[in-house]
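Throughout, a chain's letter reflects where its sequence line sits, starting with A, and its residues are numbered from 1.
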2 protein chains.
Amino acid sequence: MAGRSGPVRPSLTREQVLAAAAALVKQHGPGALTMRKLAAELGTAVTSIYWHVGNRESLLEALVERTVVELGAITPRGRTPAARVVSVARALRRRLLDHPHLIAMVHERGLTERMFQPAARALVDEVHAAGLRGAPAAEAVRAVLFQAVGFVLVERNRARSPVQRPGEQELWDIQGAGEGADDPALARALARGPQPDKLFTVSVRALVDGLLNTPPSTPPKASPRTSESTPPSAPPSTPPSAP
Amino acid sequence: MAGRSGPVRPSLTREQVLAAAAALVKQHGPGALTMRKLAAELGTAVTSIYWHVGNRESLLEALVERTVVELGAITPRGRTPAARVVSVARALRRRLLDHPHLIAMVHERGLTERMFQPAARALVDEVHAAGLRGAPAAEAVRAVLFQAVGFVLVERNRARSPVQRPGEQELWDIQGAGEGADDPALARALARGPQPDKLFTVSVRALVDGLLNTPPSTPPKASPRTSESTPPSAPPSTPPSAP
DNA sequence: ACCTGAACACCGTTCAAGT
DNA sequence: ACCTGAACACCGTTCAAGT
């Protein structure tokens, strides 16, 4: 009936397979993606899927790759380089938290570095603006990346199993009764569990301060010059491209 | 022959099962631990194992718990509180790196917090010595813990897949050719890949400096009360036991 | 109290065969 | 070029039955 003059509907597309798989993963995590369920969902034989995507692992890889691309670039916000670095870290965290399964999948496949890319580009500019160059600059960039991604990994992990085993409560009560008993406010704060948003911001801020204020083994005073292009520790070669 | 007057050898012990399982995991990771292989290794029927340990998941849980306990306490080293905090972080990282599979297993089971415990206890003392109290102190402790564990997670992940997908090399070459082209040393450093040991130390040091020097939004001079036990940034309370 | 084999309900993947 | 069912080699787990 409906126009049979050509291969109008190729029946099953690689696109369709990816879409259906993405839906399954989004709902119940990658563990729930089984080739047989996927086939059922699509109304085809299991083996058809293999023709389109090779096998389960490359299917998952394709999904990860696609999602990573979707995350897109990161544009820093704020006035000082330090503030802008912090904003990049926070944006990165936001993106990762928005795709709860993605981070585990990327992690399991060793693609963490791949996911760094957009943020890394942004960070390079900022540490430059802060006056760092060369290897120390690279170190600062990586320190922030490791910090942000590592934090989210720990954070996500915590969220995954809300019931802590020995009961965080008790653990810190015991602690409170021991040598550190003179600081009940601390014991309470630890027992309450972390406030990830705040903790993240505080951590990154502290790290960035430490990194930018201390060009390894040189005086900490960053000079207040702040012409628009290259303020503090007077980088030698900030030449060409226009502001 | 050898004394048969009692249940000398109960044939199969929970201990034996755990030991054999631990061996399998140690060699090829938790993925390699299959109930059937384990049974073969032990020379028993698969179902006997179930009698002793319940099922695969609780078997793994027991393994994790046991290993976490083995890790033991952490004793800070160094003169200033900052240095001692850094030493705790480094000790924690060492332990985690020594049990490469453990960290993934703990992570997957949401027991990260559990693993924090020994290091956390040590850190509480140190931030106290640095003059922090209450909630900010708790925040500092957690910031360091998240930093250390997160770092190792990222680091381990990287080690697991030495071949990076888009080729870190190329990625940073392109970057080098773009806007950041004026800093070839940085491009080279990034393309070379991180030196985890150094990066970790630098990161933690920066974080700790940032945390201990800046009690969030209050004048940096700590020690309002602190009676005899806590002057600001001198290590005061090196407590009871011998020097 | 401890061990067993058989059986169930799942997997991912391959292959020869269809159109 | 695309789809198919049958089959293989694995899983974890349960159960009724042995001693």
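Closest approach to the B:W51 side chain among C:dA1, C:dC11, D:dT14 is made by C:dA1 (side chain taken as heavy atoms from C-beta onward). The side chain of A:A45 lies closest to D:dG5 when the candidates are D:dG5, C:dC3, C:dG12. The side chain of A:V46 has C:dT13 as its nearest neighbour among D:dC3, C:dC3, C:dT13.
Computed from coordinates, the B:N55 CG to D:dT14 P distance equals 7 Å when rounded to whole Å. Atoms CG (B:L38) and C1' (D:dG12) sit 13 Å apart, rounded to a whole Å. One interatomic measurement links the two molecules: NZ of A:K37 to P of C:dA9, which rounds to 16 Å at whole-angstrom precision. One can place CD of A:Q16 at 14 Å from C1' of D:dC3, the figure rounded to the nearest angstrom. A straight line from OH of B:Y50 to P of C:dT4 spans 15 Å, rounded to a whole angstrom. A:L42 has its CG atom 15 Å from the C1' atom of D:dC2, to the nearest Å. C:dG5 atom P lies 12 Å from atom CZ of B:R36, rounded to whole Å.
Side-chain atoms of B:H128 and B:V124, non-hydrogen and from C-beta on, do get closer than 4.5 Å to each other. Within the 4.5 Å cutoff, the side chain of B:M105 has no heavy atoms near those of the B:T67 side chain. Residues A:H101 and A:H28 have side chains not in contact (no heavy-atom distance under 4.5 Å, counting atoms from C-beta outward).
None of B:L211, B:V88, B:V86 except one satisfies the side-chain contact (heavy atoms from CB on, under 4.5 Å) rule with B:V144; the exception is B:L211.
OP1 or OP2 of D:dC11 lies within a sub-4.0 Å distance of a side-chain N or O belonging to B:T34. Residue B:H52 places at least one side-chain N or O closer than 4.0 Å to OP1 or OP2 of C:dC3.
Nucleic acid contact class of B:L33 (heavy atoms, under 4.0 Å, all strands): sugar-phosphate only.
Searching all strands for a Watson-Crick or G-U wobble partner of D:dC8 with both distances below 3.5 Å returns C:dG12.
No hydrogens or angles were tested; on distance alone, a donor-acceptor pair under 3.5 Å links the side chain of B:T47 to the base of C:dG5.
Using a 4.0 Å cut-off between a side-chain N of Lys or Arg and a carboxylate O of Asp or Glu, B:R93 and B:D197 qualify as a salt bridge.
The residue among A:G43 and B:M35 whose nearest nucleotide of DNA chain D lies closer to the 5′ end is A:G43.
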